[in-house]
**Student:** 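Sharing a structure below in structure tokens format, with a few things to ask.
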Amino acid sequence: MEINGKTILVCDCEGTMTLDGKALAKALGGDNLAVNKQLCRAQIENFKDSVAKGLPMLVACTQEAPLFLETLADGEADVRFANIRERAGWSKDGTKAIPKMAALLAEAALDIPSGTTVSMESQGEVMVMGVGEIAVEAGKQLSSRLNPMVLLSGTDDLIPPGRMDFPIFTGRAKSAKGYLGAFQVDLEKYAPATPWSRDSLGFDENAQSGTSSCDIILDLRGDQPLFDAPEKRDGYFNPDPGNPADVQKALFEIADLVGEFEKPRYVDVNEAICAHSRNEQVGCTRCLDLCPTNAITPAGDHIEIDPFICAGCGSCASTCPTGAVTYTLPAGDQLLNRLRTIVGTYLDAGGEAPVILVHDGEHGDELIGIMARMGKGLPANVIPFAVNETTQVGLDFLVSVFAYGASELRLLVAPQKRSDADGLVAQVELADQVLAGLGYGDGRIQIIDDADPSQVEDHLHSLEKVAGIARGDFLPLGGKTTLLRSALLALHENAPKPVDEIELPVGAPLGAALINAEGCTLCLACVGACPTGAMKDNPDKPQLSFREDLCVQCGLCRTTCPESVITLKPRVSFAGGVTAHEVVKQEEPFECTRCGKAFGTKSSIEKMIEKLSGHAMFADEGRLALLKMCDNCRVVEQMNDTNQPFAMGEPRVPRTTDDYLREREELRAKAKKETGEPDNKPNNDNDD
């Protein structure tokens, strides 16, 4: 049997799962599906025969994936793997899990494009920071494979080593920046060890300050870490120096950090629709406020994200109201495409009241595996949905879960990542408020941050089936605001309480910009500041229009407005006019009093005249009249004005030799006339 052009191979794992091949095939839209019992052992030839056909394959087993790949003749084949055992089959509800198995297989058969990566290179230059013997011992262990240098913030009368296999310095690290392969550490009171130290290690008296470069930092000071969220900084290790096991684990990991490493580019930024700033006015700062690693910095009218520092928590993409920041694992709109496929297949296969369990690939997978092996496993209606980081999902995803027909949503967050979940909590509160406002009730979305598998298992098995939500089937197309609007409309269409408006708290990324038309002068500063196109002008006449479904409540229009006539109203509106630009104010253009050209609006010109009429420079009516002229006529009028306070008179004419000769002849003629000398007397130029 094939799904999306891929041959499906399933196995009941020696009967530990109840698999009805015919029922599973029917759930997937087929006729029959052969069920293997030992595909990875006794029936391995079935796998090899499928490989020999050269067609793409989907094997419903992840545990033995390495073994299957080893059997490939040339080492290359289009084979992917899906886990239906721990995620569906190994459960006390295993016999009811056919719809969930079908959903998991349909999801795995999708063609998901891979994300992009960035490269980091390490030469093995390690800076070990610490006090006394523990730092020196760490340097000794690393010196056989890497190039360590030890920076001691205290020596505790350390005995000088008999052999200097690596440099030792004293000093204090003030701050650091960078990432694996490109760290810069600011040092003070920095001095090398003296080779003539005898009973205790001594250092050069000429201590200095400066900056040192390294590829890796091992921080054994037991002090404040050099970075926020130190566990997320690639190449920075900050174990507890009092815990030998932690120190040895860090040394073990550091020993392999030589060479070139690929790191996922977790997020992309579309600068054109970033709502951070316009015209030096700050608007949205959600991503800047939430980033735990400080990988995000302002860059003029938009933000920049350093892909080498970004740890991929996804809080920026989760809370970005415009979709300027997008999470790229998976790329594009594939997250909602997966969601639509998995919920739709489950419902089409006869499943009821689906509960989506969003989890990551580490903490979540581990808990699901433990529950399947040691406990009751996942209930048949709880569908696991793996993402790179649970905190990456935003309001558009949360609302779409229910728009596609799920009954409840649980978000599994690792306890050590609770500090990263602030943005997710805010998004959950908004989504819950929208669902409650439409009459779907409270509490359909919950975050689970418990580390105990039994507690998580009890919670999931104690869920009571709540009323289902009518299934929407909109395609996940367009940007974030478009996707969110599509999901909201799908929920509103069959809502128990289809209200026209739901009020939201301040800071919500949905709402209206209310404009006092009477005070608006149509300067259109708001249009230039709006990053989403919610504010729009008309190139043919003075006009301002607003489209509510594009507004993300960034506040740039409000802070930019010189008349302060704009206020924000966070809400979800289902009124018909919110999906089109509606005219807020329009006027006839003001015509130049000299040439008749339209060059502004009446309200803006009148407002300007009103404000300047009392100014000393405009006390003369003629000066005020200039304000009623277009730019060309204003210049012409000023040039024709005879009252020029800075006029310098006529320009001086350059004098030439002819001018001097003419003046001399004129003087001679005047002298002859006065003396009565005849004009015909020969001239003698030497008489001068």
**Student:** Taking all non-hydrogen atoms of both residues, which atom of G511 and which atom of F546 are closest, and how far apart?
**Tutor:** O-CZ, 4.3 Å
**Student:** Does anything in residues 426-450 pair up under salt bridge (charged side-chain N to carboxylate O under 4.0 Å, His left out), and if so which pairs, sequence neighbours excluded?
**Tutor:** R418-D449
**Student:** Name all residues meeting the side chain to side chain donor-acceptor pair (under 3.5 Å) criterion together with N32; count only those two or more places apart in sequence or in a different chain, and write none if there are none.
**Tutor:** none
**Student:** Please tabulate, one pair per line, all N/O donor-acceptor pairs under 3.5 Å involving side-chain atoms of residues 98-109, not counting sequence neighbours.
**Tutor:**
| residue | atom | partner | partner atom | Å |
| --- | --- | --- | --- | --- |
| K100 | NZ | R87 | O | 2.9 |
| K100 | NZ | P379 | O | 3.0 |
| K100 | NZ | V382 | O | 2.9 |
| E107 | OE2 | R338 | NE | 2.8 |
| E107 | OE2 | R338 | NH2 | 2.6 |

**Student:** If you round to the nearest 0.5 Å, how far is CD1 of I273 from CD of E271?
**Tutor:**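 These two atoms lie 11.0 Å from each other.
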**Student:** Within the 3.5 Å criterion, strictly below it, is a donor on E86 or N83 matched to an acceptor on the partner's side chain?
**Tutor:**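 Note: E86 and N83 side chains meet the donor-acceptor criterion.
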**Student:** Please check if the number of heavy atoms outside K6 that lie under 6.0 Å from its NZ is greater than 12.
**Tutor:**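 Atom NZ in K6 is crowded, with more than 12 foreign heavy atoms closer than 6.0 Å.
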**Student:** Are S91 and D93 close enough that a side-chain donor and a side-chain acceptor fall under 3.5 Å?
**Tutor:** no
**Student:** May I ask you to check whether over 12 heavy atoms, not counting those of K376, lie within 6.0 Å of atom NZ?
**Tutor:** yes
**Student:** Tell me whether the count of non-hydrogen atoms from other residues, nucleotides or ligands lying under 6.0 Å of CG in D49 goes above 12.
**Tutor:** yes
**Student:** Can you confirm whether more than 12 heavy atoms, excluding those of E352, are under 6.0 Å from its CD atom?
**Tutor:** no
**Student:** For residues 313-321, run the donor-acceptor check on the side chains, cut-off 3.5 Å, and write out each pair with its distance to 0.1 Å, sequence neighbours left out.
**Tutor:**
| residue | atom | partner | partner atom | Å |
| --- | --- | --- | --- | --- |
| S315 | OG | D420 | O | 3.2 |
| S318 | OG | V393 | O | 2.7 |
| T319 | OG1 | S315 | O | 3.0 |

**Student:** Between the side chain of T532 and the main-chain N/O of L550, is any donor-acceptor distance below 3.5 Å?
**Tutor:**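 Flag set: sc T532 to bb L550 pair under 3.5 Å.
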**Student:** In terms of heavy-atom contacts, does CD of E493 have more than 12 from other residues, nucleotides or ligands at under 6.0 Å?
**Tutor:** no
**Student:** For E262, which residues count as a salt bridge (charged side-chain N to carboxylate O under 4.0 Å, His left out) partner, sequence neighbours excluded?
**Tutor:**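 E262: no salt bridge (charged side-chain N to carboxylate O under 4.0 Å, His left out) contacts found.
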**Student:** So, for A508 and L430, which heavy atoms are closest and what is the spacing to 0.1 Å?
**Tutor:**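 Shortest heavy-atom contact: CB-CD2, 3.7 Å.
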**Student:** Rounded to the nearest 0.5 Å, how far apart are OG of S400 and CG of L335?
**Tutor:** 9.5 Å
**Student:** Write out all pairs satisfying ring pair (Phe, Tyr, Trp, His ring centres under 6.0 Å) with one or both partners inside residues 379-430, taking only residues at least two apart or from two chains.
**Tutor:** F385-F397, Y404-F474
**Student:** Any side-chain donor paired with an acceptor under 3.5 Å for Y327 and N388?
**Tutor:** yes
**Student:** Under the rule for side-chain contact (heavy atoms from CB on, under 4.5 Å), what residues qualify as partners of L412, not counting sequence neighbours?
**Tutor:**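 side-chain contact (heavy atoms from CB on, under 4.5 Å) check on L412 returns L357, H359, H363, L367, I448, V456.
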**Student:** Treating Y440 as the side-chain partner and K497 as the backbone partner, does any N or O pair qualify as donor plus acceptor under 3.5 Å?
**Tutor:**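 Not confirmed, Y440 side chain does not pair with K497 backbone.
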**Student:** What's the verdict on side-chain contact (heavy atoms from CB on, under 4.5 Å) for L477 and T482, showing C-alpha distance, side-chain angles and the deciding distance?
**Tutor:** CA-CA 8 Å; L477 301 175; T482 302; over 6 Å; no
**Student:** Hey, is NZ on K37 packed in by over 12 heavy atoms from elsewhere, all under 6.0 Å?
**Tutor:**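 Atom NZ in K37 is crowded, with more than 12 foreign heavy atoms closer than 6.0 Å.
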**Student:** First locate atom CG of L329, then atom CD of E389, and finally report the distance between them rounded to the nearest 0.5 Å.
**Tutor:**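 So the CG of L329 and the CD of E389 are separated by 10.0 Å.
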**Student:** Identify each donor-acceptor pair in which a side-chain atom of residues 56-65 lies under 3.5 Å from a protein atom, sequence neighbours left out, and give them as a table.
**Tutor:**
| residue | atom | partner | partner atom | Å |
| --- | --- | --- | --- | --- |
| Q63 | OE1 | R85 | NH2 | 2.6 |
| Q63 | OE1 | R373 | NH2 | 3.0 |

**Student:** Examine distances only and state if a side-chain atom of R233 and a backbone atom of T293 form a donor-acceptor pair shorter than 3.5 Å.
**Tutor:**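 Looks like yes, one N/O pair under 3.5 Å.
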**Student:** Quick one: does T345's side chain have a donor or acceptor within less than 3.5 Å of a partner on I342's backbone?
**Tutor:** no
**Student:** For the CD atom on Q446, are there more than 12 heavy atoms of other groups (residues, nucleotides or ligands in this structure) within a distance under 6.0 Å?
**Tutor:** yes
**Student:** Could you tell me which residues satisfy salt bridge (charged side-chain N to carboxylate O under 4.0 Å, His left out) with K569, sequence neighbours excluded, listed by chain and number?
**Tutor:** E501
**Student:** Please examine the side chains of N46 and N36, heavy atoms only from C-beta on, and report whether any two atoms are closer than 4.5 Å.
**Tutor:** yes
**Student:** For G323, is there any backbone N or O sitting under 3.5 Å from a side-chain donor or acceptor partner on T326?
**Tutor:**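 Such a contact is absent between T326 side chain and G323 backbone.
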**Student:** Please examine the side chains of C284 and V552, heavy atoms only from C-beta on, and report whether any two atoms are closer than 4.5 Å.
**Tutor:** no
**Student:** Run the side chain to side chain donor-acceptor pair (under 3.5 Å) check on T285 and D289 step by step: do they pass?
**Tutor:** CA-CA 6 Å; T285 60; D289 297 337; 3.0 Å; yes
**Student:** Judged by atom type as modelled, is there a donor-acceptor pair below 3.5 Å linking the side chain of K263 to the main-chain atoms of A311?
**Tutor:** no
**Student:** Show the nearest heavy-atom pair for residues L110 and N337, with the distance to one decimal.
**Tutor:**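 Closest approach of L110 to N337, heavy atoms only: CD1-O, 4.1 Å.
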**Student:** For H302, which residues count as a ring-ring contact (aromatic ring centres under 6.0 Å, His included) partner, sequence neighbours excluded?
**Tutor:**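 Result, ring-ring contact (aromatic ring centres under 6.0 Å, His included) vs H302: none returned.
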**Student:** Would you confirm whether T18, through its side chain, and G89, through its main-chain N or O, come within 3.5 Å as a donor-acceptor pair?
**Tutor:** no
**Student:** For F47, check ring-ring contact (aromatic ring centres under 6.0 Å, His included) against everything at least two apart and list the hits.
**Tutor:** F68
**Student:** Listed by chain and number, what are the salt bridge (charged side-chain N to carboxylate O under 4.0 Å, His left out) partners of D473, not counting sequence neighbours?
**Tutor:**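 Applying salt bridge (charged side-chain N to carboxylate O under 4.0 Å, His left out) to D473 gives R340.
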**Student:** Begin with the C-alpha distance, continue with both residues' side-chain angles, and end with the deciding distance and a verdict on salt bridge (charged side-chain N to carboxylate O under 4.0 Å, His left out) for D20 and K26.
**Tutor:** CA-CA 10 Å; D20 185 337; K26 183 179 179 181; over 6 Å; no
